[in-house]
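Read the numbers this way: they start at 1 and go in the same order the structure lists the ligands and their atoms. Note that these values count all heavy atoms, side chains included, but never hydrogens, waters or copies made by symmetry.
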Amino acid sequence: MIQVYKTPAELSRAAVEIFVHTANEAVQEHGRFTVALTGGSSPEQLYKLLAKPPYRDLVPWAETYVFWGDERWVPLTDERSNAKMAFDTLLHHVPISKSHIFTMWGEETPEAFAAIYEKRLLNHFHGSTPKFDLILLGMGDDGHTASLFPGTAVLQETEKWVEAYYLEPQSMYRITLTAPCLNQAKKIVFMTYGQKKAKALQEVLEGDRNPEMYPSQLIHPHQGETTWLVDEAAASLLSKKS
Ligand SMILES: O=C(O)[C@H](O)[C@@H](O)[C@H](O)[C@H](O)COP(=O)(O)O
């Protein structure tokens with residue numbers, strides 16, 4: 001489903017309503033809400049809305065568990081850290097237990113930590129496949145999502161849930177949930193805005209199937225639903241708009 005909004009602010013207000021509704025529905029259904037946050041700039045307005053009334057007081061934070069869809073392999077104090085952005089804009093401002101927050105950072109090598117994070121997921125999901133109640137994703141202007149970048153080997157992964165690898169163009173390690181893991185989610189929400197995303201969005205949603213070049217095409221939850229929250233600028237090249 002694609003929902004087009006005039007501005008990123010309107011898009012973020014739609015995202016916060018989905019977040020609050022999904023969180024409460026999950027807690028009512030099975031006693032807890034497990035969400036994977038995204039990095040980048042797209043979710044910042046959403047996180048800031050969640051960090052203050054009225055929305056802050058509508059989320060069942062005591063039953064909320066926070067993971068990440070991906071991370072740059074940098075310390076939590078580094079300005080490039082997705083976790084740092086989430087703490088600064090959201091997690092330091094809400095009553096969530098630190099034991100419910102699973103950052104993608106450790107003293108191990110990135111590869112070793114990926115295996116540790118996978119074990120943490122397995123433990124959280126009681127030994128079964130990780131079924132997030134909600135996964136938030138952004139999309140780069142090259143069509144990547146999470147740290148699933150064009151032309152990378154991680155796009156071919158079919159077994160692992162978490163992968164770490166050295167991303168040449170950015171000269172840094174990345175750690176990411178894989179497409180098989182992301183696609184177990186009950187609900188995936190993309191937040192994508194801005195003219196520079198328009199071409200990639202058209203290719204991802206309406207172009208030929210080419211996930212090697214447009215990895216966001218890999219995201220199709222097996223039993224879940226995907227909602228694209230986009231603004232008019234990002235949607236400007238789409239032929240079909242809801
Ligand atoms: O670690 C990251 O950078 C993100 O997880 C990444 O996948 C992001 O969602 C896209 O690059 C879009 O980034 P913007 O929201 O900044 O456009």
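Of the protein's heavy atoms, S42 OG, 2.6 Å lies nearest to atom 15 (O) of ligand 1. If you check which protein heavy atom lies closest to atom 17 (O) of ligand 1, you get K197 NZ, 2.7 Å. Scanning the protein for heavy atoms near atom 3 (O) of ligand 1, the closest one is R72 NH2, 2.7 Å. Looking only at heavy atoms of the protein, atom 7 (O) of ligand 1 is closest to A146 O, 2.6 Å. Atom 13 (O) of ligand 1 has its closest protein heavy atom at G40 CA, 3.9 Å. Looking at atom 11 (O) of ligand 1, its nearest protein heavy atom turns out to be H144 NE2, 2.7 Å.
Short contacts between ligand 1 and D70, defined as distances under 4.0 Å to a heavy atom of the residue, involve ligand atoms 1 (O), 2 (C), 4 (C), 5 (O). Shown in contact with T38 at under 4.0 Å from a heavy atom are these atoms of ligand 1, numbered in order with element: 5 (O), 9 (O).
Ring geometry for Y117 against F67 counts as perpendicular: the plane angle is over 60°, on a 0 to 90° scale with 30° as the lower cut.
Ligand 1 is approached by R174 to a heavy-atom distance shorter than 4.0 Å. Using a 4.0 Å cutoff on heavy atoms, E71 does not count as a contact of ligand 1.
The nearest pair of heavy atoms linking A51 to T89 is CB-O, 3.3 Å. Taking each heavy atom of T38 and M85 in turn, the nearest pair found is O-CE, 4.2 Å.
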Please assess K84 against E79 for the test salt bridge (Lys or Arg N to Asp or Glu O under 4.0 Å), listing each intermediate value before the final yes or no. CA-CA 7 Å; K84 181 180 189 305; E79 285 306 320; 3.0 Å; yes
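We find that R13 and E10 are not joined by a salt bridge, their nearest charged nitrogen and carboxylate oxygen being 4.0 Å or further apart. Salt bridge D141/K197: absent, no basic N to carboxylate O contact under 4.0 Å. Using a cut-off of 4.0 Å between Lys/Arg side-chain N and Asp/Glu carboxylate O, K6 and E232 are scored as salt-bridged.
Each of Y65, F19, W61 was evaluated against F33; a single residue qualifies, F19, per the ring pair (Phe, Tyr, Trp, His ring centres under 6.0 Å) test.
Between S147 and ligand 1, no N or O atom pair is found at a separation short of 3.5 Å. Ligand 1 has no N or O atom lying under 3.5 Å from any N or O atom of L137, backbone or side chain.
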